[in-house]
Engineer: 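Here's a structure for you.
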Amino acid sequence: MPETNKKVLILSVNDEDKDIVFRPADTLLGVLRGKLGLTGAKPGCLNGDCGACTVLVDGIPMKSCIMLAIEAEGHKVTTIEGLINTKTQASFIKHFAFQCGYCTPGFIMVCHSLAEKQPHADKAVIKEWMQSNICRCTSYQEIEEAVASILAEE
Amino acid sequence: MNIIGKSVIRKEAPDKVTGKARYTDDFSSAGIYHARLVTSPFAHALIKSIDTREAEKVSGVRAILTGEGLPLTGEEITDRPPLAQGKVRHHGEAVCLVVAEKLDKAALAASLIKVDYEPLSAVNSPSQAYQAGAPLVHEHVEHYKRGQNVYPEPGTNIAHKTKIRKGDLSRGIGESAVFVEGRYSFGPSDHAAIETRSCTAEIRADGDVLITSSSQAPFMIKKLIGSYFDIEAGKIIVKTPLVGGAYGGKASVQWEFLAFIASRAVGGKRVKLRYMREEDILTAPCHIGLDATIRLGCTSEGILKSAEILYLFDGGAYADKSPDLCRAGAVDCTGPYHIEHIWCDSYCLYTNHPYPAPFRGFAHSEVLFAFERTMDLLAKKLGMDPLELRFKNAILPGHTTPTQVLVNKSNVGDVRGCIQRLKDIMEEEWEPNAGHDPRKVRAAGIACVWKNSTIDTNASSGVILTFNPDGSVNLMSGVVEIGTGTKTILAQMLAEKLRLPVEMIHVKMTVDTQTTPEHWKTVASRGTLMGGRAVMAAAEDAIRQIKEIASCALRVREEDLDIDSGRVFVKAEPEIGLSFKEVVYGYTYPNGNAIGGQIIGRGSYILRNMTNIDKETGAGRPGPEWAVGAQAVQVEFDTRDCTYRILKAISVVDIGRVLNERAARGQVMGAMSMGLSFAGRETFYFDEMGRVLNFQLRTYRPIRYGEQPKYVVEFVNTPHVEAPFGARGAGEHGLLGMPAALANALSIAAGVEMIHLPLIPELIWRTLQEGKR
Ligand code: FES
Ligand code: FES
């Protein structure tokens, strides 16, 4: 069987432009992890169900497992590795909002975006945003406290 | 020092919020090959033929494997081929394995393999499996190798049976005036750790086998690969980095065998196998299901006299750990009560369902669901407050457990203390009024819990400490960091013992079976006891060496020395002393002479006086201690559409001693969440052919953010004397009573006895309709 045609793509990830040789069928998650070594975004279901793969595309949370890499061309992609000393990260540590940590990059990305986009979000809005992800270790009460403390600071 | 009890931040926290924390699948290397599975779409079928011709044509495919010639595997009974041989016994069973240079090619090739099946009728529940004349899942159990204490019955689907015979049941019945009987059932479900199981394997030119796996049992992988594939244990090196959630599901060894044979098939090249979510749910082991019948008898005052119990565990297609789960469920077959006359038959049955791994609580939340529901039936019949009934019957020092272990203050926690505290909290927290909405009803349900571990009687744990030139310490333990924070807790223990700031303790997170001392398995909430005792022993060993060198250098007796804050000094004259820096790499005299050398502390711990339980009576000492608790769930139920909200969930756990306050709360709350999710939402839905209908997280739906109640957690502190600082295991107890407490609450609110899980509104509605008929 013939090799699929490879293409070259320029992706802006964490404020750096990257040249990437890729297959048109590659997902953004696959490229971030496999080609750029950015393993912070995690595979959990590859089906849009768990949120472990969440990154920001132009500041909006996206499940990178159900987005093709090519769709991200011309957009700014931010991964957990692109967040440095943010209050979201500090707050997750302070409130013990993770245990195994596997869901954590995804949750932090959602939370970070929420704080930027909707700093005055009420409970219903917070719930709507945070329901996109699954944490199997914590009780969510810890994550709720972490989110509340970030939004309260705004 | 006072580091014990403090909410020390877990050591790996900064890595976990920056994406730097690495899990098995995050390690890659150029040229690594990838493996993909072909799995069975049927629950029970003969394999007529496997056609791999199209798949072989895919470029980059290096090997295609089927089950022929592979050794059987399985911890309790070796009944499971790594890839199916002639027959599949559950939906999702691994049938073929494709190894290719690229993952997409492996996937393409796997999709082109044609397997021809002849479906057979499936055994779809343990009760069905138990009936005479049921189809046999394994035709010849007698041909399998098995563990010493496993008793399969040839010609049936019985993989194992545990009997508990305490006292004399007929006497107990004679002394009883009030009886109740309940029947319960729930199907298998899943751990659904967000990290799917993953493994890489490589065989070096010298024959060394290198495995990296997301596992709770790296030392077991080493042992089992060695024995099944006939490789010297020393040549197998297993690494486990951080694990992305486990909950018992990664204590079974399975995907590692596949990665190993994949590598073996391509000349030992490094191969990665990462389960897709669908495989993680179907192919990898799941959470056990149970059918239970319980008959309780008590005096008219409510004193329990007899318990007659039948547990039929859904052992699934292969035994692996299920005989052990069945045994653990029998060992603690009642709640934490004093009952003189107990008769329990606990069966592990082969079915055509995915087979179970351990699940947080190891069969305890399962049997407690049945038992604690029956306690509520009894309270209702007696017209007694459910808390009072449990308080009256609570197990106390001087009583004996179902396996006839004499209870003392140390080996069982304070049940009455927990109940008392729960009662107070319920009074404070309880909001009985549902407001003006006449459709809404509020109710609270309770449950008491206990758990001992049923692990190998000779399970052990080891620790090595090495010192750095700056006087700080490296802590190496075989405990896997699965999210419970145990390694940080061990660091706290060490800091306390060495009287060093906890920042001076460096913890090696990755387990490497070649350099890390063994910890049997990171299961059963025994990391703090076993790993902790090993830490204490290693610390004592290091302190002894420090004092030995210092006594020479300072010309004082060792007994006159003490340590604190990184110094060793003379007790009576603390200004005379040396810093650790001057001692831990050997002491050098001014003239250049030196003594000592790098200090290496070592410690190990093996469980003491454990016994196998007796085949006929169940008598024996299965584990070191029972931690206990009392729990409550408060619901608001909508009588019109049978939906409900969980308002509050309360746990009072006798934890012995709190080692890290926030971490302990986190463990209990996380376990409660998992218990409520299991009780209220999670199950596999099977069709009549035994196929699972919901094998994705879209249709298998755990609790999500915003669906959680308010969690209240409190601790009682009755020390377990043998444990470091008296601490009891706490990773599981939050879960144990949640199914029973939720079911008890909803039974009261809906006015009908709920006997199945999960407690979805449709089930409540159906149960109400049946009641009306
Ligand atoms: S991996 Fe993308 S949503 Fe689960
Ligand atoms: S911390 Fe483990 S899944 Fe969220």
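Every value quoted in this text rests on a predicted model; they were computed, and no experiment measured them. Below, chains carry the letters A, B, ... as their sequence lines are ordered, and counting in each starts from 1. Atoms considered below: every heavy atom in the structure, side chains included; atoms not considered: hydrogens, waters and symmetry mates.
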Engineer: Is B/E682 salt-bridged to A/R136, going by a charged N under 4.0 Å from an acidic O?
Structural biologist: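 Between A/R136 and B/E682 there is a salt bridge, with a charged N closer than 4.0 Å to a carboxylate O.
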
Engineer: Using a cut-off of under 4.5 Å on heavy-atom pairs, state which of B/T196, B/L242, B/D25 scores highest against chain A.
Structural biologist: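 Among B/T196, B/L242, B/D25, the one with the most close pairs to chain A is B/D25.
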
Engineer: What part of A/N133 lies closer than 4.5 angstrom to a heavy atom of chain B: side chain, backbone, both or neither?
Structural biologist: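 The backbone, not the side chain.
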
Engineer: Most heavy-atom pairs under 4.5 angstrom with chain B, which of A/G106, A/G51, A/P43, A/A25?
Structural biologist: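 Top option by heavy-atom pairs under 4.5 Å: A/P43.
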
Engineer: Is A/K35 atom NZ crowded by more than 12 heavy atoms from other residues, nucleotides or ligands, each under 6.0 Å away?
Structural biologist: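 Yes, the 6.0 Å shell around NZ holds more than 12 heavy atoms from other groups.
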
Engineer: Under 4.5 Å, counting heavy-atom pairs only, tell me which of A/D26, A/T104, A/D49, A/I84 racks up the most with chain B.
Structural biologist: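 Ranked by heavy-atom pairs under 4.5 Å with chain B, first place is A/D49.
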
Engineer: Ignoring hydrogens, what is the shortest heavy-atom contact between B/E12 and A/Q99? Give both atom names and the distance.
Structural biologist: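 Closest heavy-atom pair between B/E12 and A/Q99: OE2-O, 4.3 Å.
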
Engineer: Give the minimum heavy-atom separation between B/Y23 and A/G101, together with the two atoms involved.
Structural biologist: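 Looking at all heavy atoms of both residues, the shortest contact is OH-C, 3.2 Å.
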
Engineer: Does any heavy atom of chain B fall under 4.5 Å from the side chain of A/K123, the backbone, both, or neither of them?
Structural biologist: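 Contact with chain B involves no heavy atom of A/K123 at all.
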
Engineer: Return the minimal non-hydrogen interatomic distance between A/C100 and B/G244, and the atom names on each side.
Structural biologist: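 Reported closest heavy-atom pair: SG-C, 3.4 Å.
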
Engineer: Which one, B/A246, B/G245, B/A192, B/S677, leads in non-hydrogen pairs under 4.5 Å with chain A?
Structural biologist: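 Highest number of pairs under 4.5 Å: B/A192.
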
Engineer: Which answer fits A/S132, side chain, backbone, both or neither, if we ask what part of it has an atom under 4.5 Å from a heavy atom of chain B?
Structural biologist: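 Looking at A/S132, just its backbone touches chain B.
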
Engineer: Which heavy-atom pair separates B/R662 from A/H95 by the least distance, and what is that distance?
Structural biologist: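 Heavy atoms of B/R662 and A/H95 come nearest at NH2-O, 3.1 Å.
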
Engineer: Pick one of side chain, backbone, both or neither for A/I108, based on which atoms fall under 4.5 Å of a heavy atom in chain B.
Structural biologist: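 Just the side chain, heavy atoms under 4.5 Å.
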
Engineer: Less than 4.5 Å apart, any side-chain heavy atom of A/I134 and any of B/R704?
Structural biologist: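 They are in side-chain contact.
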
Engineer: Flag the pair A/R23 / B/D104 as yes when at least one side-chain heavy-atom distance between them is below 4.5 Å, and no otherwise.
Structural biologist: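 The answer is yes, as the side chains (C-beta and beyond) meet within the 4.5 Å cut-off.
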
Engineer: On a heavy-atom basis, which atom in B/Y705 and which in A/I143 lie closest, and how many Å separate them?
Structural biologist: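 Smallest interatomic distance, heavy atoms only, reads CE1-CG2, 4.1 Å.
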
Engineer: Given a strict heavy-atom distance threshold of 4.5 Å, which part of B/Y247 is in contact with chain A: side chain, backbone, both, or neither?
Structural biologist: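 Only the side chain of B/Y247 comes within 4.5 Å of chain A.
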
Engineer: Are any non-hydrogen side-chain atoms of A/N47 and B/R698 less than 4.5 angstrom apart?
Structural biologist: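 A side-chain contact under 4.5 Å exists here.
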
Engineer: Which atom names give the shortest non-hydrogen contact between A/Y140 and B/I703, and what distance separates them?
Structural biologist: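 That closest heavy-atom pairing would be OH-O, 2.8 Å.
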
